Every structure is written in C-alpha cells, then in structure tokens.
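Report on the following structure.
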Amino acid sequence: MHAYRTHTCGQLRKTDVGQTVRLSGWVNRRRDHGGLIFIDLRDHYGVTQCVIEPGDAAFAVVDTARSEWVLTFTGKVVDRLEGTANADLPTGQVELRIEQAEVQSAAQELPLPVFGDMDYPEETRLAYRFLDLRRERLHKNIMLRSGIIRSLRNRMHEQNFTEFQTPILTASSPEGARDFLVPSRRYPGQFYALPQAPQQFKQLIQVAGFDRYFQIAPCFRDEDGRADRSPGEFYQLDMEMSFVTQDDVFAAIEPVLSGVFEEFAGFTGKTRTVDKAPFRRIPYAQAMLEFGSDKPDLRNPIRIADVSTVFGRADVEFKAFKGKTVRAIPAPGAGAQARSFFDKLNDWARSEGAPGLGYVILEDEGGVLTGKGPIAKFIPAAALADIAKSVNAKAGDAVFFAADKEDRAARLAGLARTRIGHELGLIEPDAFRFCWVVDYPMYEWNEDEKRIDFSHNPFSMPQTDRESFLKFSGADDKDALLALKVFQYDVVCNGYEMLSGAIRNRDPDVMLKAFEIAGYPNSETEARFGGMLNAFRFGAPPHGGLAVGLERVVMLLAGEENIREVTMFPLTQQGQDLLMSAPSDASAKQLKELHLKVVYPDKT
RNA sequence: GGGGGCGUAGCUCAGUUGGUUAGAGUGUCGGCCUGUCACGCCGAAGGUCGCGGGUUCGAGCCCCGUCGCUCCCGCCA
C-alpha cells in the first residue's frame with residue numbers, strides 16, 4: 001500500500017465499500033462525541049468523513065488531532081448508517097473506519113480559521129496566505145485562474161498563434177509607467193529594467209517574421225494599486241500579428257474572449273450570459289458623451305446626452321450653467337424616490353469636487369410635462385420638453401445635470417450614471433456585456449505644461465496618410481492634431497478594461513514626427529527606441545496586436561471585486577509581501593557588489 | 001503625495017453621555033456525551049483596547065501625533 005494514500009479525499013463512493021484504503025489530508029473539522037470521534041479529512045480534491053470509537057487501536061492518536069493537522073488514516077470504507085448520509089458531500093454516502101492513524105504534521109492554534117467562509121483582515125490573510133489559500137473560495141479561484149490560462153493557451157494555439165518568451169531583464173520600455181530597475185554588477189551605475197510589457201519585443205518578433213505571437217506575459221510597473229489593479233506586477237495575454245488590419249485583430253481575439261467567458265460563465269453557480277462576437281463598437285468620442293467614460297458598462301441602461309445648447313438659450317435663465325458643457329443623466333423612475341435620494345447624490349457630487357448635481361423631477365400635469373425641484377423654475381416648458389426628449393425621459397423620471405468644462409462634466413456625468421444605475425437597481429444582473437472602444441485621439445492637450453501629449457500608446461498608427469502626417473507642424477496645427485485619431489482600441493466588459501491594443505506605427509519617419517510633435521527631439525527618440533526604430537528600417541511588416549489583463553478576466557469570472565482574490569501571493573496595497581517580507585534590506589556586501597549606496601530620505 | 005474607513009481576547013465582533021471588575025461568539029485547555037456533519041452540555045484560562053503623547057478627579061470612548069490594513073484621488077497609455 002502507498003505510504004500516504006490510495007485514494008484522494010474526494011474520491012470514495014458507495015462502490016468502494018468494503019475496501020481497505022488509505023487517505024491523507026488536513027483536519028477540516030473534528031466532532032468529538034466522547035463515545036466516537038468524527039474527523040472530516042480534507043485535501044485538494046474534497047472531504048471524507050472518517051470515524052473512530054474508543055476501543056479502537058488508533059483512538060489515542062486521533063483524539064489528540066486538532067484543526068489543520070495533517071494526518072494519514074488507513075481503514076475500511078463502510079456504508080453510512082441508515083439516515084446519516086450527507087447529501088451535500090460527494091463522498092457523503094460512505095465513511096472511513098479508522099484502523100491506523102499517523103500524524104504527519106501538527107498545527108498550532110490557528111491565526112486564521114480555514115473552515116467557514118468568514119471575512120478576515122487583509123493583513124492576517126496575507127501574512128498567513130498559505131492558510132488562506134486552503135480555504136475553499138480562494139482555492140477555487142486559483143484553480144479557476146489556472147483553468148482560464150489553459151483555455152486561453154489552447155484557444156490561441158487553435159488559431160495558429162505561437163507562444164514565445166521575451167526577456168525579463170531588459171531596458172526601459174515605451175509604456176508611461178515608472179520602471180522597476182535592477183542594478184548591474186558588471187556595469188557600475190547602469191541598470192536593467194523589468195518590462196512594463198513585452199511591447200517592443202513582440203513588435204521585433206513580427207519584424208523577425210514569426211507572424212502570430214502570444215505569451216502569458218508577466219509585466220512590471222512601479223505604480224500604486226487599486227482594487228482591480230495590483231501594485232507592481234500582473235499578467236497579460238499578450239499577442240501580436242502581421243499583415244493585419246484592425247478588423248483582423250478583432251476577429252482573432254473575439255472568439256478567444258467570448259469563448260473563455262462562455263466556458264467559465266457557470267463558475268459562480270449562476271447562469272451568466274455572455275455577449276457573442278462580433279462585439280459592439282463604440283467610438284471614443286461617443287463613449288465619452290453617452291457613458292462619460294472610455295470604459296462603458298453596457299449593463300447600465302442609462303445614456304447621457306449633451307444639453308449645453310438648451311441651457312445656452314435665451315429663454316433658459318439658469319446662470320450657473322451658462323457657457324458650460326451641460327450633460328443630462330436620466331434617472332428612470334426616480335420621481336418616486338424620497339428627497340434623501342437626491343440629497344445623497346448631491347452630497348456625493350460635492351465629495352467628487354463638483355459644485356453639486358442639479359436635477360429636475362418630471363411630472364405630468366394634465367398632459368403637460370412639468371418640472372419639480374430646486375432648479376425647475378429656471379427651465380421653461382419648451383426647454384424642459386427638449387431636455388426630456390434628448391434623454392428619452394418621461395413623467396415619473398428625474399434628470400440630473402453635470403455642468404463644467406467639457407472633460408470634467410463628462411467625467412462627473414459618467415460617475416453619476418454609474419451611481420444612479422446602481423442606486424435604482426437598473427444594472428442588468430448576471431451578464432457579461434462586451435464592447436470595443438475605437439478611434440482614440442492620438443494626442444491630448446496638456447493644460448499644465450501647455451503642450452501636446454500622446455494620449456495613449458505612442459506606437460499606434462495615426463488614421464491619416466503618411467504625407468499629410470509628415471506635414472503637420474506642432475504649434476500651427478494644434479486643432480487638427482487634437483482631432484487626429486489612431487488605430488487604437490480597447491475591449492471593455494461591464495465597465496472594466498479587459499484589453500488594449502493598436503495597429504502599430506512601423507514607419508520610422510512618421511514615428512520620429514509623432515514624437516517630435518509631443519516634444520521629443522529626434523535624437524532622444526533614437527536614443528530611447530533606437531532598437532525598434534532601426535528594425536523598422538530593415539523591412540517591417542504591417543502589424544498590430546493587443547494585451548488582455550489576465551487578472552481582470554479571472555476576477556470577473558470568479559465574481560470577485562478585488563484582484564487579490566484571484567492572485568496566489570499578492571502584495572498589499574502598499575506594495576509589501578507580508579509573507580516573504582519584501583521589500584527588505586540588502587546586505588552591505590550585496591550593495592558593494594552592485595556599486596550602490598543608499599541615501600535615505602530626510603525625516604521632517 | 002492627498003482624502004475617507006477600520007484597528008478591543010488566537011480569530012470574528014459588541015462596548016450607551018467620558019464613570020465600579022472591558023463583554024459575547026468561536027477557537028484553546030479540562031470534564032461529560034455512540035451518529036455528528038457549524039454536533040451538544042458544563043467549567044476554566046485568555047486583554048499593552050495598534051503605538052506615543054495630551055485633556056480630565058477619571059479615557060476603549062475626547063484631542064494631537066504616529067504605525068498598519070483597506071477604499072478612492074493623483075499615478076497606471
């Protein structure tokens with residue numbers, strides 16, 4: 001007989017009755033009846049009830065066992081007594097009569113109970129992550145993550161993509177985040193950078209003629225965390241392909257994404273619907289107008305409309321909105337809400353730094369639409385009708401207003417849309433709604449520094465021909481440049497950015513020009529991205545690709561709202577590993593080898 | 001870097017207007033219990049109220065500072 005087990009703890013069934021078997025696992029739960037003891041033994045595969053009576057040889061050993069001890073039991077599989085079967089347990093028809101028991105490892109009193117599904121403080125969970133990972137929910141999430149990765153790989157292979165590894169020790173890459181640096185021992189004062197993404201490498205792979213590349217790629221960015229964004233490191237499904245248009249890239253990834261979502265949609269036990277390919281496409285400008293965000297949550301039925309012209313009219317005398325961009329957010333059925341509903345939203349808007357959130361409640365008075373609320377008296381009937389029409393509102397609804405400079409009004413309207421949608425219970429449940437956001441602007445105006453900046457990835461292809469692009473002059477063509485769009489695209493699911501990509505700019509002259517417009521002299525562009533620029537001078541195929549945020553996919557499918565719940569060993573929000581104690585001091589010897597001296601910040 | 005929330009027994013939490021000896025559940029330890037599956041019953045031990053300072057006759061509670069975790073803003077195309 002095997003030293004530790006003949007079966008797993010999730011395996012035994014009625015057909016095994018009569019066999020002598022051996023199981024190993026952790027004590028999930030111990031129930032001591034004095035006369036007999038039940039031990040629920042748990043391993044990766046499941047739980048099996050084991051039982052022993054005082055006269056039995058191994059009783060003394062089993063009697064000492066406590067939660068989370070690791071034990072090996074040998075004994076006979078028996079049918080459960082009439083009426084004592086457990087229908088909730090796959091192994092619940094049988095139990096193990098313990099004949100021999102061996103303690104493999106005892107456990108101290110637990111800082112974090114494994115049994116049960118209570119919430120525990122993040123600090124405890126991370127410091128004892130090995131215990132937290134034993135718990136059912138996290139254990140399942142991590143297995144889901146592995147299954148998703150396997151599925152993504154298979155689906156990419158099915159479409160003739162090939163997986164390649166790219167370097168971890170490399171040079172600073174073109175993404176805009178802060179780099180993690182690794183000091184060089186052999187080159188004093190010089191540093192490697194960990195890749196923010198394999199961006200340049202995957203483009204070089206295309207130039208090298210490998211065509212359809214993908215990788216489950218680790219990425220490193222020294223930026224602060226959020227609930228949906230781990231600090232420091234994360235994984236992407238990174239892909240790139242040659243001789244493709246934007247439509248080709250879309251067609252390649254849509255079945256992968258919808259396929260993997262469909263495959264795992266049942267994970268939470270609920271039936272969740274998944275949008276089929278092709279996904280809806282929304283131009284960036286439309287997204288900012290109707291959703292107030294470039295991450296539209298399509299489960300929310302509310303659509304924002306611009307009503308600036310209505311408030312600009314002479315017959316509308318509400319001075320606070322004059323000369324501003326005014327966005328209207330309909331709140332279907334909100335007329336029935338108590339005053340506190342409106343006050344709470346107004347307080348919330350103030351906490352977001354807005355002066356407030358104006359609103360009117362629409363009512364029907366003898367077939368005529370009238371407005372109620374603090375600012376209703378400033379809006380004559382004709383204007384009210386126009387506003388109601390623009391957001392498809394009717395009597396019984398309310399309409400909120402966000403008024404500010406255009407970008408701020410759009411943002412506030414977007415946040416209000418999300419909040420109102422949730423408060424009114426309008427969010428479609430149990431659905432994954434996908435869309436492409438396309439036609440991003442190439443540049444944006446940096447008001448602080450009074451100059452033109454790249455708005456997203458500087459390596460995307462502008463949506464104009466080479467000749468007209470090369471003719472642009474930064475200062476004189478400001479308006480034209482800010483209106484210029486690029487072949488850059490995101491997929492958004494339920495308000496989360498799932499992936500981001502672009503058709504790449506592979507023309508060295510256009511690239512130098514693009515950087516020049518953003519204020520980088522050619523010498524600097526050559527110095528920073530010379531490797532890739534140079535490659536483009538030796539026969540570069542048209543190419544494009546994208547990268548899917550792996551943790552976001554797992555998070556959505558797991559039904560979790562925090563990325564730590566789908567990460568095996570996450571850092572705290574402050575970027576520390578409480579289990580391994582990272583970061584930590586380097587020894588004097590290490591620093592000397594690396595030619596480094598630490599200068600601590602002044603304490604004031 | 002900034003703003004909000006939290007920090008009380010091993011763990012999860014309660015703790016009134018600032019007032020006597022800081023409580024409960026769970027776990028641990030001891031006793032009882034032969035059919036439980038969150039087993040049950042009885043008892044015991046277990047506290048730097050995150051840390052430091054202050055106000056007060058008196059602070060878990062109020063004030064100041066600080067540390068940790070977290071959510072958000074900045075940042076992350």
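Within every chain, numbering begins at 1; the chains are lettered A, B, ... in the order of the sequence lines, protein sequences first and strands thereafter. Here the structure is a predicted model, which is why all the values come from computation and not from measurement.
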Quiz item: Hey, does the side-chain of R125(A) have a donor or acceptor N/O within less than 3.5 Å of a partner on the base of C69(B)?
Solution: no
Quiz item: Which base, if any, makes a Watson-Crick or G-U wobble pair with U16(B), both distances under 3.5 Å?
Solution: none
Self-check item: Pairing residues for E53(A) by the side-chain contact (heavy atoms from CB on, under 4.5 Å) criterion, not counting sequence neighbours
Solution: L36(A), D56(A), R97(A)
Practice problem: Give one of base, sugar-phosphate or nothing for S455(A), where a contact means two heavy atoms less than 4.0 Å apart. | Solution: sugar-phosphate
Quiz item: How long is the line joining CG of L484(A) and P of A77(B), in whole Å?
Solution: 21 Å
Practice problem: Using the C1' atoms only, state how far C49(B) lies from A22(B), rounded to an integer number of Å. | Solution: 8 Å
Quiz item: Can you tell me how far C1' in G60(B) sits from the matching atom in C13(B), rounded to whole Å?
Solution: 14 Å
Practice problem: Could you measure between the two P atoms, the one in U16(B) and the one in U36(B), and give it in whole Å? | Solution: 42 Å
Quiz prompt | Listed partners of R31(A) passing side-chain contact (heavy atoms from CB on, under 4.5 Å), at least two apart | solution = R29(A), H33(A), F38(A), D40(A), Q49(A)
Quiz item: In terms of heavy-atom contacts, does OH of Y128(A) have more than 12 from other residues, nucleotides or ligands at under 6.0 Å?
Solution: no
Quiz prompt | Polar pair under 3.5 Å, donor/acceptor by atom type, side chain R226(A), base U70(B) | solution = no
Self-check item: Pairing partner (Watson-Crick or G-U wobble, both distances under 3.5 angstrom) of G58(B)
Solution: none
Exercise. Apply side chain to side chain contact (heavy atoms under 4.5 Å, CB included) to the pair C219(A) and F234(A), showing each step before the final yes or no.
Key: CA-CA 5 Å; C219(A) 303; F234(A) 61 97; 3.5 Å; yes
Quiz item: Closest to the E223(A) side chain: C76(B), U34(B), U36(B)?
Solution: C76(B)
Practice problem: Please list, chain by chain and in numerical order, all residues satisfying side-chain contact (heavy atoms from CB on, under 4.5 Å) with D228(A), sequence neighbours excluded. | Solution: R226(A), Y496(A), R552(A), M555(A)
Exercise. Would you kindly give the CD1-to-P distance between I98(A) and G35(B), to the nearest whole Å?
Key: 17 Å
Quiz item: With a 4.0 Å cut-off, would you call E223(A) and R229(A) a salt bridge?
Solution: no
Quiz prompt | U17(B) and C64(B), which share atom name C1', separated by this distance in whole Å | solution = 23 Å
Quiz item: Are any of the side-chain nitrogens in E551(A) or R564(A) under 4.0 Å away from the carboxylate oxygens of its partner?
Solution: no
Quiz item: So, R30(A) and D63(A), do they make that salt bridge, N to O below 4.0 Å?
Solution: yes
Do any N or O atoms of the protein come closer than 3.5 Å to N or O atoms of nucleotides 39-43 of chain B, and which pairs are they?
residue : atom : partner : partner atom : Å
C39(B)  : OP1  : R29(A)  : NE           : 2.7
C39(B)  : OP1  : R29(A)  : NH2          : 3.1
C39(B)  : OP2  : R29(A)  : NE           : 3.3
C39(B)  : OP2  : R31(A)  : NH1          : 3.2
C39(B)  : N4   : D32(A)  : O            : 2.4

Quiz item: On a plain distance test, is the side chain of E95(A) in donor-acceptor contact with the base of G35(B) below 3.5 Å?
Solution: yes
Quiz item: Mind checking the P distance from U12(B) to G53(B)? Whole angstroms is fine.
Solution: 27 Å
Self-check item: Atom C1', compared across G40(B) and G35(B): separation rounded to whole Å
Solution: 12 Å
Quiz item: Of all of residues 563-578 of chain A, which get a heavy atom below 4.0 angstrom from RNA chain B, listed by number?
Solution: R564(A), T572(A), Q573(A), Q574(A), Q576(A)
Quiz item: Is there a side-chain polar atom (N or O) of N562(A) under 4.0 Å from OP1 or OP2 of C71(B)?
Solution: yes
Quiz item: So which of K202(A), Q199(A), Q215(A) actually passes side-chain hydrogen bond (donor to acceptor under 3.5 Å, both in side chains) with D238(A)?
Solution: K202(A)
Quiz item: Does G47(B) have a Watson-Crick or wobble partner in any strand here, with both distances under 3.5 angstrom, and which is it?
Solution: none
Quiz item: Whole-Å distance between G27(B) P and N28(A) CG?
Solution: 13 Å
Quiz prompt | Residues that P113(A) engages under side-chain contact (heavy atoms from CB on, under 4.5 Å), provided they are two or more places apart | solution = Y120(A)
Quiz prompt | Pair partner, C6(B) [Watson-Crick or wobble, under 3.5 Å] | solution = G68(B)
Quiz prompt | Pair F515(A) + F459(A): ring centers closer than 6.0 Å | solution = yes
Self-check item: Pair listing, side-chain hydrogen bond (donor to acceptor under 3.5 Å, both in side chains) test, anchored in residues 64-73 of chain A, at least two apart
Solution: S24(A)-T72(A), R42(A)-E68(A), E68(A)-R134(A), T72(A)-Q104(A)
Exercise. For G40(B), give its Watson-Crick or G-U wobble partner with both distances under 3.5 Å, or none.
Key: C32(B)
Exercise. Check whether the side chain of R221(A) and the base of C76(B) form a donor-acceptor pair under 3.5 Å.
Key: no
Quiz item: In terms of side-chain heavy atoms of R411(A), which of U70(B), C73(B), U12(B) is nearest?
Solution: C73(B)
Quiz prompt | Salt-bridge criterion met for R129(A) and D132(A) (N-O under 4.0 Å) | solution = yes
Quiz item: If you look at every strand shown and take non-hydrogen atoms under 4.0 Å, does R66(A) touch a base, only sugar-phosphate, or nothing?
Solution: sugar-phosphate
Self-check item: C61(B) to G19(B) separation - P atoms, rounded to the nearest Å
Solution: 11 Å
Quiz prompt | Value rounded to 0.5 Å, distance of CE in M239(A) from OH in Y213(A) | solution = 10.5 Å
Quiz item: What is the nucleic acid contact for F38(A), judged by heavy atoms within less than 4.0 Å: base, sugar-phosphate only, or nothing?
Solution: base
Can you give me the N/O atom pairs linking the protein to nucleotides 1-11 of chain B at distances under 3.5 Å, or say none if there are none?
residue : atom : partner : partner atom : Å
G10(B)  : O2'  : L110(A) : O            : 3.4

Quiz item: D439(A) pairs by side-chain hydrogen bond (donor to acceptor under 3.5 Å, both in side chains) with which of Q488(A), Q463(A), Q286(A)?
Solution: Q463(A)
Quiz item: For atom P, what is the distance between G46(B) and G10(B), given to the nearest Å?
Solution: 11 Å
Quiz item: For residues D490(A) and Y440(A), is any side-chain donor paired with an opposing acceptor at under 3.5 Å?
Solution: yes
Exercise. Go through the structure and list residues passing side chain to side chain donor-acceptor pair (under 3.5 Å) with E99(A), not counting sequence neighbours.
Key: none
Quiz item: For L126(A) and K295(A), take the nucleotide of RNA chain B holding the closest heavy atom to each; which residue's nucleotide lies nearer the 5' end?
Solution: L126(A)
Quiz prompt | Over 12 non-hydrogen atoms of neighbours within 6.0 angstrom of CG in D117(A) | solution = no
Practice problem: Give me the residues of residues 46-65 of chain A where at least one heavy atom lies under 4.0 Å from an atom of RNA chain B, by number, or none. | Solution: Q49(A), E53(A)
Exercise. Give me the residues of residues 86-93 of chain A where at least one heavy atom lies under 4.0 Å from an atom of RNA chain B, by number, or none.
Key: N86(A)
Practice problem: For residues 105-115 of chain A, pull every pair meeting side-chain hydrogen bond (donor to acceptor under 3.5 Å, both in side chains), keeping only residues two or more places apart or in separate chains. | Solution: none
Quiz item: So what does A127(A) hit on the nucleic acid, given a heavy-atom distance under 4.0 Å: a base, only sugar-phosphate, or nothing?
Solution: nothing
Quiz item: Under 4.0 angstrom, heavy atoms only, what part of the nucleic acid is R408(A) near: base, sugar-phosphate, or nothing?
Solution: nothing
